[in-house]
Amino acid sequence: MSAIGIIGGTGIEQLQGLSITREHAVNTTFGAPSRPIQEGRLGGKSLFFLHRHGSPKAVPPHLINYRANISALHSLGVRRLVAINAVGGISPDMQPGRLVIPNQLVDYTWGREHSFDDGSSGSLQHIDFTEPYDRPLRLALVQAAETAGIAHEPFGVHAVTQGPRLETAAEVRRLAGDGCDVVGMTGMPEAALARELGMAYACVCMVVNPAAGLGDLPLTQDMMRQILAREAGVVRTLLETLLSTLASAEAAE
Ligand code: HPA
């Protein structure tokens with residue numbers, strides 16, 4: 001089975017249930033990843049885990065070294081990557097606590113190092129990004145959620161904004177008009193970089209707040225963290241089920 005990587009976002013500093021066997025302090029052409037990458041076992045299956053924001057000092061979304069993160073995971077042999085992202089909910093179904101497996105994204109980020117291509121190859125590198133998430137891996141996540149009885153949205157459009165501030169109410173209305181269902185700050189350029197390196201990449205969004213202007217309460221980090229803490233067990237069950245689904249599918253091949 002090709003190595004599986006998990007990138008955890010806000011609230012997923014540690015992967016619940018992961019028994020860590022090694023830590024890899026990888027360095028890459030682009031610098032060091034957010035944190036040494038943990039290798040370990042979850043539900044008897046091995047994986048690599050990276051916390052996107054690092055620790056103990058958190059790296060904000062616009063300053064994450066996405067190229068180092070993806071490149072480091074790739075250098076460890078990771079070819080399938082599941083990203084966990086905390087998001088705000090925009091469409092009416094996307095209430096706090098909802099788990100979404102998006103099939104599309106809209107990139108509103110700017111000024112980030114968004115490609116490995118520095119022009120030195122001398123040829124144009126246009127990756128196909130029609131479907132930004134790897135279809136088989138996305139479907140395996142949907143299947144795992146169904147098998148584990150986890151309520152989820154099997155489709156959704158993920159808006160990725162620059163941050164680190166949250167959006168204005170007018171910006172959220174614009175995102176809704178653009179067809180976006182959820183909004184986060186870290187989904188890009190991660191997804192495109194993984195595609196550039198030929199890695200299968202899919203994303204699990206956890207709705208932690210109604211997006212700006214859609215809820216009754218002011219948005220606070222505490223509110224978001226509380227939902228994430230409550231849902232960490234769901235993410236663990238989803239990942240355990242995914243790993244065993246993928247292992248059985250490979251054994252059957
Ligand atoms: N907007 C952007 N990013 C987020 C949000 C949000 O409302 N919630 C969690 N990450």
Side-chain angles (χ1 to χ4, degrees), residues 6-15 34 50-55 57-66 69 82-112 114 132-133 151-153 155-193 201-235 238:
I6 311 289
I7 299 184
T10 307
I12 316 277
E13 283 83 6
Q14 299 296 334
L15 199 53
S34 304
L50 173 62
H51 177 47
R52 186 187 284 118
H53 293 286
S55 64
K57 209 162 155 254
V59 187
H62 62 301
L63 296 180
I64 290 170
N65 190 340
Y66 294 95
N69 285 355
V82 176
I84 317 286
N85 298 74
V87 294
I90 299 176
S91 343
D93 290 345
M94 307 295 181
Q95 294 301 316
R98 199 74 177 146
L99 193 141
V100 189
I101 301 163
N103 60 315
Q104 277 296 330
L105 64 79
V106 182
D107 185 9
Y108 299 93
T109 65
W110 48 270
R112 300 182 180 186
H114 65 275
Y133 302 112
H152 65 284
E153 297 291 337
F155 298 100
V157 180
H158 180 189
V160 190
T161 54
Q162 176 68 358
R165 66 166 177 84
L166 293 158
E167 297 70 39
T168 65
E171 284 169 337
V172 168
R173 283 197 296 275
R174 173 188 164 208
L175 299 181
D178 285 356
C180 300
D181 298 302
V182 293
V183 53
M185 300 174 191
T186 50
M188 281 294 283
E190 207 173 80
L193 291 168
Y201 177 100
C203 164
V204 177
C205 291
M206 181 62 71
V207 180
V208 293
N209 58 278
L214 299 179
D216 303 330
L217 302 171
L219 302 182
T220 64
Q221 283 207 331
D222 268 2
M223 175 208 262
M224 300 181 191
R225 287 194 171 272
Q226 267 172 29
I227 303 264
L228 277 164
R230 220 169 60 204
E231 302 301 327
V234 174
V235 171
L238 177 69

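Whatever order the structure lists ligands and atoms in, that order sets their numbers, starting from 1. Values reported hereafter were calculated over all heavy atoms of this structure, with side chains retained and with hydrogens, waters and symmetry mates removed.
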Please list the nearest protein heavy atom to [atom] with its residue and the distance rounded to 0.1 Å.
atom                   : answer
atom 2 (C) of ligand 1 : E167 OE2, 3.3 Å
atom 4 (C) of ligand 1 : V183 O, 3.6 Å
atom 7 (O) of ligand 1 : N209 ND2, 3.0 Å

Is the backbone N or O of [Y] less than 3.5 Å from a side-chain atom of [X], with the two atoms forming a donor-acceptor pair by type?
X    : Y    : value
S91  : M94  : no
R112 : Q162 : yes
H152 : V100 : no
E13  : T10  : no

Judged on heavy-atom distance to atom 10 (N) of ligand 1, which of G163, A86, A212, G9 sits nearest?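 It is A86 whose heavy atom sits nearest to atom 10 (N) of ligand 1.
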What are the two closest non-hydrogen atoms of M185 and Y66, and how far apart are they?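 The pair with the smallest heavy-atom distance is O-OH, 3.8 Å.
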Numbering as shown, the atoms of ligand 1 that approach G88 to under 4.0 Å (heavy-atom distance):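 Those qualifying, in numeric order: 5 (C), 6 (C), 7 (O), 8 (N), 9 (C).
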Within the 4.0 Å heavy-atom shell around M185, which atoms of ligand 1 are there?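 This gives 2 (C), 3 (N) as the contact atoms.
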Region of V87 engaging ligand 1 - heavy atom pairs below 4.0 Å: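 Near ligand 1, V87 shows its backbone, while the atoms from C-beta on stay back.
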Please classify the L166 to ligand 1 contact at 4.0 Å (heavy-atom distances, strictly less than): side chain, backbone, both or neither.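 The answer is the side chain of L166.
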Tell me if the NE2 atom of H62 is crowded by more than 12 foreign heavy atoms within 6.0 Å.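 For H62, atom NE2 is crowded (more than 12 foreign heavy atoms under 6.0 Å).
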